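Quantities reported herein were computed from a predicted structural model and do not represent experimental measurements.
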Amino acid sequence: MTKDARFPLDRTLAELEQILPEKEFFRSHRTVLVRLDKIEAIEVVSKGVFALQMNHPDHLCVPLARDRAKELRARIPTLG
């Protein structure tokens, strides 16, 4: 999904993860690959459950796997 549209792809997220630059993209959950520069905040949904607030016109909130939160915080310390 982009700011303006959705584009169907004939690739798995694992394939995209291999192709896209690691310094720009992050696998936040088994179902989600996000651009690091579009993450606005990490939200605590409940104990041990996190979500990412994205900089997107639809104010998207996507899942962040518990085991991925620590790595994301290491990559972007300002997120908390």
Next on the checklist: Donor-acceptor pair, distance only, cut-off 3.5 Å: does the side chain of Glu15 make one with the backbone of Thr12?
Outcome noted: yes
Checklist outcome for this item: Hits for side-chain hydrogen bond (donor to acceptor under 3.5 Å, both in side chains) against Arg35, two or more places apart or cross-chain, chain-then-number order -> Asp37
Checklist entry - Of Val32, Ile42, Leu60, which is the lone residue that meets side-chain contact (heavy atoms from CB on, under 4.5 Å) with Leu52? => result Ile42
For residues 61-72, which side-chain N or O atoms pair as donor and acceptor with protein atoms under 3.5 Å away, sequence neighbours left out?
{"from": "Arg66", "atom 1": "NE", "to": "Gly48", "atom 2": "O", "distance (Å)": "3.0"}
{"from": "Arg68", "atom 1": "NE", "to": "Arg27", "atom 2": "O", "distance (Å)": "2.7"}
{"from": "Arg68", "atom 1": "NH1", "to": "Glu71", "atom 2": "OE1", "distance (Å)": "2.7"}
{"from": "Arg68", "atom 1": "NH2", "to": "Arg27", "atom 2": "O", "distance (Å)": "3.0"}

Checklist entry - Side chains of Ile39 and Asn55: does their closest heavy-atom pair fall under 4.5 Å? => result no
Item to check | side-chain hydrogen bond (donor to acceptor under 3.5 Å, both in side chains) contacts in which one or both residues fall within residues 38-50, not counting sequence neighbours | outcome: none
Next on the checklist: With rounding to the nearest 0.5 angstrom, report the NE2 to CZ distance, His29 to Phe50.
Outcome noted: 12.5 Å
Checklist entry - More than 12 heavy atoms of other residues, nucleotides or ligands under 6.0 Å from CD of Glu22: is that the case? => result no
Checklist entry - Apart from Val45 itself, what residues make up its hydrophobic cluster, given side-chain heavy atom links below 4.5 Å? => result Val49
Checklist entry - How is the hydrophobic cluster of Leu9 composed, in terms of its other members, when Ile, Leu, Val, Met, Phe, Trp and Tyr link through side-chain heavy atoms under 4.5 Å apart, directly or indirectly? => result Leu13, Leu16, Leu20, Phe25, Leu33
